[in-house]
Protein chains: 2
Amino acid sequence: MAYAEQYIDKLRKSGLRPTKQRIKICKVLFNTDKTFHFTIKELVKIIENQANIKVSLATVYNTVHAFIKKGYLKEIPLNASQSYYDTNVTHHHHFFDEEENRLIDIHQDDVDEVNIKKTIPGKKIKSVEVIAKIVSDNQSQK
Amino acid sequence: MAYAEQYIDKLRKSGLRPTKQRIKICKVLFNTDKTFHFTIKELVKIIENQANIKVSLATVYNTVHAFIKKGYLKEIPLNASQSYYDTNVTHHHHFFDEEENRLIDIHQDDVDEVNIKKTIPGKKIKSVEVIAKIVSDNQSQK
DNA sequence: TAATACATTATATTTATTCTAAACTGTTGA
DNA sequence: TCAACAGTTTAGAATAAATATAATGTATTA
Ligand SMILES: [Mn+2]
Ligand SMILES: [Mn+2]
Ligand SMILES: [Zn+2]
Ligand SMILES: [Zn+2]
């Protein structure tokens with residue numbers, strides 16, 4: 001299958017050999033039209049549900065980190081005791097639904113360019129991220 | 001002293017009795033012109049350095065969380081295994097210096113109003129925060 | 001095939017955070 | 001005054017995410 005080639009390519013470019021555990025991880029992460037957000041725990045659960053093979057936590061962590069380093073995944077800064085990861089590596093922003101603990105993408109086009117007037121000597125901006133926390137809009141009950 | 005009154009007031013409004021441990025925490029947090037960012041570990045270290053009294057980790061965590069709930073402190077969403085807290089509770093944004101692991105305030109005035117065109121049905125925006133990651137600007141060496 | 005390099009895994013470790021339970025303190029009212 | 005009580009502090013235990021370790025397994029290649 002052609003898609004397997006892509007995964008092998010991604011793995012090789014990340015400095016990893018394409019083992020069956022890693023290809024399985026790739027399938028879960030990249031074999032879909034839609035990008036998504038996940039925690040390591042959730043990723044492990046998806047793999048367990050789909051797969052006939054066992055993949056250890058250490059391998060999942062290692063592979064995810066290798067992909068982050070290479071730019072195939074992004075880590076999302078959230079105030080939580082656990083990291084969120086994103087298969088959408090384009091520049092974009094997020095809603096974070098505090099009630100459902102869920103991240104929702106905001107396309108770059110949906111936010112005006114964030115213009116920061118302040119500068120720090122000797123430093124340059126590497127990335128700018130907007131996080132908008134959302135909650136239920138319980139309209140005043142008429 | 002007048003400032004002690006303020007701390008007692010803050011504590012009472014947070015539903016906490018003004019004990020000497022809690023007043024000590026208040027002094028470290030609020031007895032300064034400048035606001036600042038801190039981790040729990042750092043806060044404990046400051047207290048240890050200044051104080052003649054011992055304050056346990058549990059008390060520090062509990063007090064900080066009570067103040068957050070009341071709005072006297074803010075938690076800053078950062079991609080880290082540890083939480084950052086802010087004594088500046090006004091609406092503002094941040095630089096995060098990835099090399100020095102340091103937060104720097106950006107006044108609200110220094111960022112144009114972030115206008116998000118996307119909406120989520122049934123949800124309203126509670127807060128919008130911008131985090132700009134910064135790194136050393138190593139100019140191409142002439 | 002044998003040697004070697006790389007991977008996977010179970011398990012241990014680390015570390016931030018939260019929980020627990022016992023000891024302590026300050027307030028109250030008989 | 002002082003016993004009872006509510007609330008507090010604390011040391012240490014528990015929890016959970018993340019990382020490290022080291023033994024075993026697998027793939028590559030000479
Ligand atoms: Mn990480
Ligand atoms: Mn918290
Ligand atoms: Zn996203
Ligand atoms: Zn700040």
Side-chain angles (χ1 to χ4, degrees), chain A residues 4 7-8 10-28 37-48 51-70 73-86 101 103, chain B residues 4 7-8 10-28 37-48 51-70 73-86 101 103:
Chain A
Y7 305 156
I8 291 168
K10 275 195 157 80
L11 287 165
R12 287 244 158 81
K13 285 185 174 156
S14 305
L16 300 174
R17 282 192 191 162
T19 63
K20 62 178 189 297
Q21 287 84 353
R22 287 169 181 165
I23 287 171
K24 178 66 209 175
I25 293 170
C26 284
K27 280 183 185 166
V28 172
H37 307 102
F38 62 93
T39 63
I40 292 290
K41 211 164 114 182
E42 288 165 356
L43 180 55
V44 167
K45 192 165 291 179
I46 296 169
I47 292 168
E48 276 176 2
N52 22 10
I53 61 168
K54 171 75 199 294
V55 182
S56 75
L57 201 56
T59 297
V60 173
Y61 270 108
N62 291 339
T63 307
V64 164
H65 280 126
F67 284 157
I68 287 168
K69 202 169 171 184
K70 189 63 189 177
L73 291 176
K74 273 208 305 188
E75 213 165 349
I76 305 300
L78 267 190
N79 171 31
S81 51
Q82 119 188 283
S83 290
Y84 282 74
Y85 302 92
D86 199 340
N101 260 50
L103 275 168
Chain B
Y7 305 156
I8 290 170
K10 276 196 156 82
L11 287 165
R12 286 243 157 83
K13 285 185 174 156
S14 304
L16 299 174
R17 282 190 192 165
T19 63
K20 63 177 188 295
Q21 286 84 353
R22 287 170 179 161
I23 287 172
K24 180 66 211 176
I25 293 170
C26 284
K27 281 182 186 166
V28 171
H37 306 102
F38 63 93
T39 63
I40 292 290
K41 212 163 112 183
E42 289 165 355
L43 180 55
V44 167
K45 192 165 291 180
I46 296 170
I47 292 168
E48 275 176 3
N52 22 9
I53 62 168
K54 171 76 198 293
V55 182
S56 75
L57 201 56
T59 295
V60 173
Y61 270 108
N62 291 339
T63 306
V64 164
H65 280 126
F67 284 157
I68 288 168
K69 202 169 172 186
K70 188 64 188 178
L73 291 176
K74 274 208 304 188
E75 213 165 348
I76 305 299
L78 267 191
N79 170 33
S81 50
Q82 121 191 280
S83 290
Y84 283 74
Y85 303 90
D86 199 340
N101 259 51
L103 276 167

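Throughout, protein chains are lettered first and strands after them, A, B, ... in sequence-line order, and every chain is numbered starting at 1.
The shortest side-chain heavy-atom distance between B/Lys24 and B/Tyr7 does not fall under the 4.5 Å cut-off. Inter-residue side-chain proximity for A/Ser14 and A/Lys69 is flagged as unmet; no heavy-atom pair is nearer than 4.5 Å. Using a 4.5 Å heavy-atom threshold, the side chains of B/Val44 and B/Val55 count as separate. In this structure the side chain of B/Asp86 never reaches within 4.5 angstrom of the side chain of B/Leu103, judged on heavy atoms. Taking 4.5 Å as the limit, some side-chain heavy atom of B/Ile47 sits within range of a side-chain heavy atom of B/Ile25.
Separating the CG atom of B/Leu11 from the P atom of D/dG7 is a distance of 16 Å, rounded to the nearest angstrom. In this structure, B/Lys24 atom NZ and D/dT9 atom P are separated by 15 Å, rounded to whole Å. Between the P atom of D/dT9 and the CG atom of B/Leu16 lies a distance of 8 Å, rounded to the nearest Å. Taking atom CD1 of residue A/Ile8 and atom P of nucleotide C/dA7, one finds them 14 Å apart after rounding to whole Å. Look at NZ on A/Lys54: it is 19 Å from P on C/dA7, rounded to the nearest Å. Between the CZ atom of A/Arg22 and the C1' atom of D/dA27 there is a distance of 12 Å, rounded to whole Å. Rounded to whole angstrom, the span from the CG atom of B/Asn101 across to the P atom of C/dA16 amounts to 12 Å. A/Gln21 places its CD atom 17 Å from the P atom of C/dC6, with the value rounded to the nearest Å.
From B/Lys10, atom NZ reaches atom CG of B/Leu16 across 13.0 Å, with rounding to the nearest 0.5 Å. To the nearest 0.5 Å, the span separating CD1 on A/Ile40 from OG1 on A/Thr63 amounts to 9.0 Å. Rounding to the nearest 0.5 Å places CG of B/Leu43 at 9.5 Å from CG of B/Leu57. A distance of 6.5 Å separates CG in A/Leu78 from OH in A/Tyr84, rounded to the nearest 0.5 Å.
Annotation for B/Glu42 and B/His37: closest pair OE1-O, 4.2 Å, computed over non-hydrogen atoms. Residue A/Arg17 comes nearest to A/Arg22 through the heavy atom pair O-NH1, 3.0 Å, listed as atom of the first residue, atom of the second, then distance. Here the closest non-hydrogen pair linking B/Leu11 and B/Pro18 is CD1-CA, 3.7 Å. Of all non-hydrogen atoms in B/Gln21 and B/Lys54, the two that sit nearest each other are CG-O, 3.8 Å.
Using a 4.0 Å cut-off, no side-chain N or O of A/His65 falls inside it from OP1 or OP2 of D/dA18. Contact annotation: B/Gln82 side-chain N/O to D/dA17 OP1/OP2 distance is not under 4.0 Å.
If one axis is set at each end of the helix from C/dT1-D/dA30 to C/dA30-D/dT1 from five pairs, those axes are 0° apart, to 10°.
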Can you tabulate the close N/O pairs, meaning under 3.5 Å, that link protein atoms to atoms of nucleotides 12-14 of chain C?
none

Protein-nucleotides 22-28 of chain C N/O pairs closer than 3.5 Å?
none

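For B/Lys20, the salt bridge (charged side-chain N to carboxylate O under 4.0 Å, His left out) test picks out no residue, with sequence neighbours left out.
Near DNA chain C, meaning a heavy atom under 4.0 Å away, there are no residues from residues 38-47 of chain A. Looking at residues 56-63 of chain A, you'll see A/Ser56, A/Ala58, A/Thr59 sit with a heavy atom under 4.0 Å from some atom of DNA chain C.
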